[in-house]
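To keep things clear, I will list the structure first and then write my remarks on it.
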2 protein chains.
Amino acid sequence: MVATKSRQRSTAPGDPARRRLIEAGMKIFAERGFDGTTTRDIASEVGLSPASLYVHFRSKEQLLYVISLGGHQFVDGLVREALEVSDDPAEQMGALAEGVVAGHLDRHDVARVINNEVERLGPDHQDEILRMRGEVTSRIADTIERGIAAGIFDPVDVPVTAVAITSLISDCCRWYRTDDADEVAHIAAQYRRLVLGMLGHREDRSGRGTGLRRAG
Amino acid sequence: MVATKSRQRSTAPGDPARRRLIEAGMKIFAERGFDGTTTRDIASEVGLSPASLYVHFRSKEQLLYVISLGGHQFVDGLVREALEVSDDPAEQMGALAEGVVAGHLDRHDVARVINNEVERLGPDHQDEILRMRGEVTSRIADTIERGIAAGIFDPVDVPVTAVAITSLISDCCRWYRTDDADEVAHIAAQYRRLVLGMLGHREDRSGRGTGLRRAG
DNA sequence: GTCTATAGCGGGATAGAC
DNA sequence: GTCTATCCCGCTATAGAC
């Protein structure tokens with residue numbers, strides 16, 4: 001199982017109202033979508049007047065941007081953590097799938113927002129967020145390539161497979177919504193198997209991969 | 001490769017305006033989301049006044065419902081077609097993955113709408129559409145079970161795997177947008193491999209599955 | 001940093017002529 | 001079946017007092 005730590009958001013610590021607005025935005029954007037959410041919804045959720053939102057954020061779009069940025073930093077953290085567990089591409093990919101899925105189910109509100117509301121960002125913010133998402137896919141592609149080179153993954157089409165894995169482990173928050181930690185762990189473990197299966201990695205084949213480097 | 005025929009929608013044939021509104025709705029809902037689309041956007045796209053929409057649909061939500069229903073009937077058709085290619089669960093699942101992905105890329109506008117806008121439907125319509133989506137997952141689960149029974153799939157967690165496959169082959173329209181038929185065919189073929197990999201089905205293992213029934 | 005009040009605009013849907 | 005005109009409402013964002 002992969003831990004889900006480092007929840008830091010880009011919020012100043014001494015500003016509770018701002019953070020509460022962010023948390024409310026995550027929750028309500030996830031439920032109703034950006035365009036289905038009013039600034040009144042968010043403000044009243046935290047017991048503030050609609051106008052107060054504009055003390056902390058230039059616009060409703062800016063709030064979405066801050067949430068999206070924090071969400072992607074969270075995912076980046078999950079990915080980096082996973083890649084550090086080993087030098088073995090199969091271990092890395094397994095940890096990555098399991099960790100990202102667990103993180104997405106754990107924080108399914110943010111996960112839904114960063115998946116579904118990217119296109120509601122302004123052009124510049126959208127570009128930036130999509131670049132961050134692209135970096136996750138790049139890391140996955142790189143791991144696949146190392147696994148193929150090590151002979152422990154099938155010689156799949158790398159770009160398509162990297163996108164498919166990104167898609168699969170991100171989209172889980174569309175299908176599951178649970179606070180049961182055991183259930184989260186179970187689902188995440190299954191997704192690990194499924195992702196390694198996509199790469200043709202069988203446990204009984206790992207003996208073949210004598211060329212792989214173990215972590216120092 | 002799997003064909004993408006039977007495009008019939010639930011539109012009366014002698015009513016071009018209604019159909020044009022449906023096509024416009026597919027396009028614009030896909031681009032901007034249901035809540036980001038105005039009835040004026042849709043009407044002006046087909047050269048009608050805003051009021052004309054209400055001659056053909058009770059409400060904006062009703063238009064979304066009609067589009068969603070047609071989209072799910074389209075997907076249902078793809079699934080049924082795929083299941084008819086053979087009695088071999090691996091052939092069926094491969095055809096299903098390839099066909100659904102090809103269909104989703106071919107008609108990525110409808111695909112995006114049925115994936116992203118379900119929750120904008122009213123409660124009853126939403127229930128109905130989610131039931132249709134659930135039936136697709138059920139058919140996938142059934143195919144997985146038959147494959148496991150035949151010894152050609154790994155003994156995976158059936159519910160989780162069925163959801164994951166549904167997720168993967170539906171979500172492709174988030175990542176790809178192309179009118180190049182060759183590219184569509186290539187991506188769909190890759191997804192076939194990936195899905196069969198999730199099930200632990202290797203081509204070189206199919207000899208093991210002597211217990212499987214061939215189509216009559 | 002919070003509030004009340006409101007500007008300014010645009011939305012879904014309807015009325016009624018043609 | 002289409003139009004023009006419009007109702008009525010709610011939205012984002014701002015002004016200005018406290």
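Computed over heavy atoms, backbone and side chain alike; hydrogens, waters and symmetry mates excluded. Numbers restart at 1 for each chain; the letters A, B, ... are given by sequence-line order, proteins then strands.
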How about A/His186 and B/Asp157: does a side-chain donor come under 3.5 Å of a side-chain acceptor? yes
Taking only residues two or more places apart in sequence, or in another chain, which ones meet A/Asp171 in a side-chain contact (heavy atoms from CB on, under 4.5 Å)? A/Arg174, A/Trp175, B/Ser167, B/Asp171, B/Arg174
So what does B/Thr38 touch, heavy atoms closer than 4.0 Å: a base, only the sugar-phosphate, or nothing? sugar-phosphate
If you assign each of B/Arg20 and B/Arg40 to its closest nucleotide in DNA chain D, which residue comes earlier from the 5' end? B/Arg20
Please give me the minimum heavy-atom distance between A/Val46 and A/Arg20, naming the atom from each residue. O-NH2, 2.9 Å
Protein-nucleotide distance (B/Ile28, atom CD1; C/dG11, atom P), rounded to Å: 12 Å
Looking at A/Thr39 and A/Tyr54, what are the two nearest heavy atoms and their distance? CG2-OH, 3.4 Å
Spacing of B/Arg18 atom CZ relative to D/dT2 atom P, expressed in whole Å: 13 Å
Report the distance from atom CG of A/Leu53 to atom P of D/dC11, rounded to the nearest whole Å. 14 Å
Parallel, tilted or perpendicular: ring planes of B/His125 versus B/Tyr65, cut at 30 and 60 degrees: parallel
Please report, rounded to the nearest Å, how far the C1' atom of D/dG10 is from the CG atom of A/Asp41. 11 Å
Can you tell which of D/dT4, C/dG1, C/dA5 lies closest to the side chain of B/Ala51? D/dT4
Select base, sugar-phosphate, or nothing to describe what A/Leu48 touches, counting heavy atoms under 4.0 Å on all strands. sugar-phosphate
Roughly how many Å is it from CZ in B/Phe57 to P in C/dT14, rounded to a whole number? 15 Å
Taking atom P of C/dG12 as reference, at what distance in whole Å does atom CZ of B/Phe29 sit? 9 Å
The side chain of B/Ser49 is closest to which nucleotide in this list: C/dT14, D/dC3, D/dT2? D/dC3
Would you mind classifying the nucleic acid contact of B/Gly47 as base, sugar-phosphate or nothing, using non-hydrogen atoms under 4.0 angstrom? sugar-phosphate
At less than 4.0 Å, is any side-chain N or O atom of A/Ser52 found next to OP1 or OP2 of C/dG1? Yes or no. no
Using whole Å, report how far CD1 of B/Ile42 lies from C1' of C/dA13. 13 Å
May I have the distance from B/Gln62 (atom CD) to C/dG12 (atom C1'), rounded to whole angstrom? 15 Å
Look at B/Tyr54 and C/dA13 and indicate whether a side-chain polar atom (N or O) is within less than 4.0 Å of OP1 or OP2. yes
